[in-house]
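Below, chain A is the first sequence line, B the second, and so on; all start at residue 1. Side chains included, hydrogens not; waters and symmetry mates left out as well; all remaining heavy atoms used. Every value quoted in this text rests on a predicted model; they were computed, and no experiment measured them.
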Amino acid sequence: MSNKPTTYDRIYEIVKQIPKGMVATYGQIAELSNLAGKARVVGYALYRIDMKTLDIPWQRVVNAKGEVSLSPLRYGTDYLQRSLLESEGISFSDVGKIDLRKYLWQPKKEF
DNA sequence: AAAGTGACTGTTA
DNA sequence: TTAACAGCCACTT
């Protein structure tokens, strides 16, 4: 009956929990999804999302350096990501970095 | 079924 | 400080 949640499903569920105005890193999402150390899989999962929908706040996931990860495969959606984050009140430094000390999501330890 | 790919990360120099 | 390497594994072909 019930579909087993796939790896990606778990990732998406975690991403949905990131509050507005905060960001999380790929590694952090991986850990919370029981995929510790597999940050690349998170990146791949997010790449599969339809960017036109904000059903999943994909824009709130950045790399460990506090930057939007650039890739030629994104066709400019990286700029969209930055724009969306700025409109949520997150500011970027002059080299395009986010201050993680200030904006990094700190999920309560649960369970 | 085996090999290639990648929105990453921590370590090393 | 930044830059280069290797490790990681799910998905695609």
Side-chain angles (χ1 to χ4, degrees):
Chain A
M1 237 300 305
S2 63
N3 303 349
K4 288 182 185 172
T6 65
T7 299
Y8 285 9
D9 289 333
R10 291 206 305 277
I11 292 172
Y12 299 146
E13 285 307 306
I14 300 296
V15 173
K16 285 181 184 172
Q17 293 174 33
I18 306 173
K20 180 182 177 186
M22 296 279 111
V23 298
T25 66
Y26 295 95
Q28 191 177 8
I29 298 301
E31 236 178 289
L32 293 168
S33 307
N34 273 316
L35 294 167
K38 305 164 194 163
R40 306 184 74 164
V41 177
V42 176
Y44 210 89
L46 293 178
Y47 171 66
R48 289 286 165 185
I49 295 179
D50 180 3
M51 307 282 181
K52 296 192 296 187
T53 76
L54 291 181
D55 183 39
I56 299 170
W58 54 269
Q59 73 271 27
R60 297 186 190 135
V61 184
V62 298
N63 67 29
K65 299 189 285 284
E67 268 192 318
V68 170
S69 285
L70 303 176
S71 167
L73 300 177
R74 299 187 66 183
Y75 301 104
T77 55
D78 37 32
Y79 279 98
L80 172 61
Q81 178 171 5
R82 174 168 174 158
S83 174
L84 288 168
L85 290 177
E86 287 178 325
S87 69
E88 292 186 359
I90 294 175
S91 56
F92 287 71
S93 74
D94 54 356
V95 292
K97 283 197 194 168
I98 294 171
D99 185 352
L100 291 180
R101 292 175 308 175
K102 189 171 175 185
Y103 297 112
L104 185 64
W105 177 39
Q106 292 166 6
K108 293 177 190 169
K109 183 160 193 189
E110 34 199 323
F111 309 117

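When all heavy atoms of T25(A) and A64(A) are compared, the pair lying nearest together is CG2-CA, 4.0 Å. Scanning both residues, S69(A) and N63(A), for their nearest heavy atoms gives OG-ND2, 3.2 Å.
You can see that DNA chain C meets the heavy atoms of chain A within a 4.0 Å-exclusive cut from dG7(C) to dT12(C), reading 5' to 3'.
Pairs engaging residues 84-99 of chain A under the side-chain hydrogen bond (donor to acceptor under 3.5 Å, both in side chains) rule: Q59(A)-E88(A), R60(A)-E88(A), R82(A)-E86(A), S91(A)-Y103(A), D99(A)-R101(A) [sequence neighbours left out].
Taking the charged nitrogens against the carboxylate oxygens, E13(A) and K16(A) do have a contact shorter than 4.0 Å, which makes a salt bridge.
When the side chains of ILVMFWY residues are joined at heavy-atom separations under 4.5 Å, either directly or via intervening members, V62(A) and Y79(A) end up in two distinct hydrophobic clusters.
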So if I define the base as every atom that isn't primed, P, OP1 or OP2, how would nucleotides 4-13 of chain B read as a B/S/- string at a heavy-atom cutoff under 4.0 Å? --BBBS----
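Taking 4.5 Å as the limit, some side-chain heavy atom of L32(A) sits within range of a side-chain heavy atom of P107(A). In this structure, V41(A) and Y8(A) have side chains that are in contact, with non-hydrogen atoms separated by less than 4.5 Å.
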